[in-house]
Amino acid sequence: MHGMSDLGKVYVRTFGCQMNVYDTEKIYAFLQDRYVPAASEEEADLIILNTCSIREKAEQKVYSLLGRIKPLKETNPGILVGVGGCVAQQEGEKIMKRSPLVDLVFGTHNLDELPALLDERIHSGKKVCRVIGDSDSVPTAEAPRVPGRAGPASLLTIMKGCDNWCSYCVVPLVRGREISRPAGRILDEASDLIQRGVRELTLLGQNVNSYRDPGSGSGFVELLRKIDALPGLKRLRFVTSHPKDFSRELACAMAELPRVCEHIHLPVQAGSDTVLTAMRRGYSASRYLEKVRLLRSLIPEVEFTTDIIVGFPGETRQDFQRTLELIREVRYQNAFSFRFSPRPGTAASEMDDPVKDSEKKSWLPELQAVQNLITAEKHQDMVGRVVEILVEGFDRKRSGLLEGRTRTNYIVHFQGDPSLVGQIVTVRVTRSRSIHLEGEMPV
Ligand code: SAH
Ligand code: SF4
Ligand code: F3S
């Protein structure tokens, strides 16, 4: 056993999606017998990079951060550097070849082995790489959590992996087959989080609509109903919904269940059916729009967000124009849009692309300009309204202001007492900014 004084400090830098944010909490938990969380890389004895490989840029960020860590390790050679996450799962030992300061590489299915891997590194004096397939591991989600790290809004993984094999995507390669967690475990974790002060839960999975309780076989809507009924919970969200599996039943449940928020992230990827087929998304633009209309008819105030890929192999100007039409029709609150990035091991990375780069270059900024205008108009529409927000914490840039979110996913900054963190308050929106709103509490 270690005494308190023996504990080192660990800092985990998180890249990529909310899956990684959740895994980072699990990494802290697996290491809690030996390390306490540090506030930054500079303070840490152990630095871990929890990486993302969804696009080439995400991967490059990992190497540029390693470059910035180098001087820290030169000053203090005792610092250990570990690389985990999706780049580790895909690249394995290659990471150590490219960046010799890395002591340890571990895959997405090896988080539970971290303490043992660190021992091996320390006692053998050799670099350690452990990346396995997803069949024989303790699912990450079953790890404990470090108490006190959950804020008022918390993530909760309900399934791991993905079986959809969209032609551009590395997730099935780096996260493995789709496996749902037992509903009982999810409910226990949810109750535990609520007991620790969590007021809002976001259920996580690459495709939550295909959740199936391994015991009873019951589906996502049933799970949603059970969590919605937990005493003490104020709000419930879930991400990501694959449009092909988004059912009428789920739309009705969203309308009916009191805690489920009026916001849905529904990644469309493209507005052209030719491109959607090449992406293997399993829906057409018109089927997608039907689901949007259904949701709007059941929940008039519902807000949509989405993901879009621009410049898929073979995408023409006409195809791209379909995407512009679609975003104008849906009027998303926000769209996360990316230039297509060929990823190793995916089908799309082998596809020919007769459309010139020089032609496609302007499309992403063009789309973003259209979306920014829609976002600005929507924010402007909120001014003057009285909204209910869950206060999640403090605004990072303008100290002193509190930050919260409406049920419909608008971010609001306002002046208030720090004791309000974790509470649901009523605020009048006074001003619109590009990515958030400003408000004030009525006196
Ligand atoms: N499971 C979710 C999203 C996972 S990845 C879904 O099905 O939508 C998050 C987003 O990254 C995707 O929605 C997509 O828009 C984008 N993305 C994934 N692979 C990409 C690639 N190769 N190039 C550019 N963007 C990509
Ligand atoms: Fe990737 Fe498609 Fe799975 Fe989403 S559904 S994670 S885009 S393969
Ligand atoms: Fe990135 Fe892995 Fe998530 S590739 S987007 S961190 S599942």
Side-chain angles (χ1 to χ4, degrees), residues 12-24 27 49-62 83-91 107-109 111 134 140 155 157-179 203-211 238-246 264-271 275-276 278-283 288 304-313 315 323 327 332 334-351 353 360 363-364 367 371:
V12 186
R13 169 74 69 161
T14 312
F15 299 86
C17 68
Q18 293 186 309
M19 302 283 161
N20 266 12
V21 175
Y22 182 85
D23 283 357
T24 288
I27 292 174
L49 278 50
N50 193 10
T51 63
C52 172
S53 66
I54 199 80
R55 287 168 290 276
E56 202 183 341
K57 254 196 204 144
E59 190 170 345
Q60 283 163 357
K61 278 191 201 154
V62 175
V83 177
C86 297
V87 176
Q89 186 68 28
Q90 205 166 24
E91 298 295 306
T108 54
H109 310 292
L111 306 190
D134 63 335
T140 299
L155 304 170
T157 288
I158 63 166
M159 61 210 294
K160 64 172 202 166
C162 182
D163 287 342
N164 283 308
W165 298 99
C166 300
S167 61
Y168 50 81
C169 185
V170 292
V171 171
L173 294 164
V174 293
R175 292 282 170 162
R177 299 289 61 69
E178 187 180 283
I179 300 171
L203 309 181
L204 275 186
Q206 294 296 352
N207 180 10
V208 292
N209 309 291
S210 59
Y211 174 83
F238 51 88
V239 75
T240 300
S241 287
H242 195 305
K244 80 172 157 62
D245 298 320
F246 189 92
I264 179 132
H265 185 63
L266 204 56
V268 68
Q269 312 299 359
V275 175
L276 286 170
M279 286 177 165
R280 296 200 205 121
R281 287 292 286 178
Y283 54 84
Y288 180 92
F304 293 86
T305 53
T306 201
D307 294 343
I308 291 168
I309 297 175
V310 170
F312 191 78
E315 181 172 346
T323 304
I327 67 172
Y332 292 104
N334 207 347
F336 304 92
S337 49
F338 317 97
R339 179 86 194 261
F340 168 73
S341 169
R343 305 304 292 138
T346 62
S349 68
E350 321 256 291
M351 292 178 185
D353 194 357
K360 290 182 170 184
W363 297 356
L364 185 62
L367 180 134
Q371 180 56 47

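For ligands, and for the atoms within them, numbers begin at 1 and follow the listed sequence. This structure is a prediction, so every number in the text was calculated from the model and none was measured.
Take a cut-off of 2.8 Å around atom 1 (Fe) of ligand 2: the protein N, O or S atoms inside it are C169 SG.
Which parts of ligand 1 touch F340 is read off a 4.0 Å heavy-atom cut-off, strictly below it: atoms 23 (N), 24 (C). Contact atoms of ligand 1 toward R343: 22 (N) (distance under 4.0 Å to a heavy atom of the residue). Set against the non-hydrogen atoms of F338, the atoms of ligand 1 under 4.0 Å away are 11 (O), 15 (O), 16 (C), 25 (N). Close approach to H242 involves these atoms of ligand 2, each under 4.0 Å from a residue heavy atom: 5 (S).
Scanning both residues, F340 and G311, for their nearest heavy atoms gives CB-O, 3.4 Å. The two residues S241 and P267 have their closest heavy-atom pair at O-CD, 3.4 Å. Nearest heavy atoms, C52 versus G16: CB-CA, 3.5 Å. G271 approaches T323 most closely through the heavy-atom pair N-OG1, 2.9 Å. Nearest heavy-atom pair, L276 versus V268, reported as atom, atom and distance to 0.1 Å: CD2-O, 3.4 Å. When all heavy atoms are compared, the tightest approach of Y211 to I158 is CE1-O, 3.5 Å.
For I309, the closest heavy-atom approach to ligand 1 falls below 4.0 Å. The closest approach between a heavy atom of R281 and any atom of ligand 1 is below 4.0 Å. Heavy atoms of R281 approach ligand 2 to within less than 4.0 angstrom.
Of the protein's non-hydrogen atoms, P267 CG, 3.1 Å is the one closest to atom 8 (O) of ligand 1. For atom 18 (C) of ligand 1, the nearest non-hydrogen atom of the protein is I54 CG1, 3.4 Å. Among all non-hydrogen protein atoms, the one lying nearest atom 11 (O) of ligand 1 is R55 NH1, 3.0 Å. Looking from atom 10 (C) of ligand 1 to the surrounding protein, the closest heavy atom is D307 OD2, 3.4 Å. For atom 22 (N) of ligand 1, the closest non-hydrogen atom on the protein side is S341 O, 2.7 Å. For atom 14 (C) of ligand 1, the closest non-hydrogen atom of the protein is Q269 OE1, 3.4 Å. The nearest heavy-atom contact from the protein to atom 19 (N) of ligand 1 is Y168 CD1, 3.2 Å. Scanning all protein heavy atoms for the shortest distance to atom 4 (C) of ligand 1 gives Q206 OE1, 3.5 Å.
Using modelled atom types, one finds no donor on one side chain facing an acceptor on the other under 3.5 Å when comparing Q371 with S337. A side-chain donor-acceptor contact under 3.5 Å links N207 and D245. When only modelled atom types and interatomic distance are considered, H265 and T240 share no side-chain donor-acceptor pair under 3.5 Å. A donor atom on one side chain and an acceptor atom on the other are not found under 3.5 Å apart for E56 and S341.
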List the steps and the verdict of side-chain contact (heavy atoms from CB on, under 4.5 Å) for R339 and K360. CA-CA 9 Å; R339 179 86 194 261; K360 290 182 170 184; 4.1 Å; yes
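In this structure, the side chains of V208 and F246 stay at 4.5 Å or more apart for every pair of heavy atoms. Looking at K244 and N164, their side chains come closer than 4.5 Å, going by heavy atoms from C-beta outward. Counting only heavy atoms from C-beta outward, the side chains of R281 and Y168 approach each other to under 4.5 Å.
Rounded to the nearest 0.5 Å, atoms OG (S53) and CD (E59) are 6.5 Å apart. One distance of note links CD of Q90 with OG1 of T51; it measures 9.5 Å at 0.5 Å rounding.
Listed by chain and number, C17, N20, C52, S53, I54, C86, R175, Q206 each place a non-hydrogen atom less than 4.0 angstrom from ligand 3.
Taking the six-membered ring where tryptophan is involved, the planes of Y332 and Y288 are tilted, since the angle between them lies from 30° to 60°.
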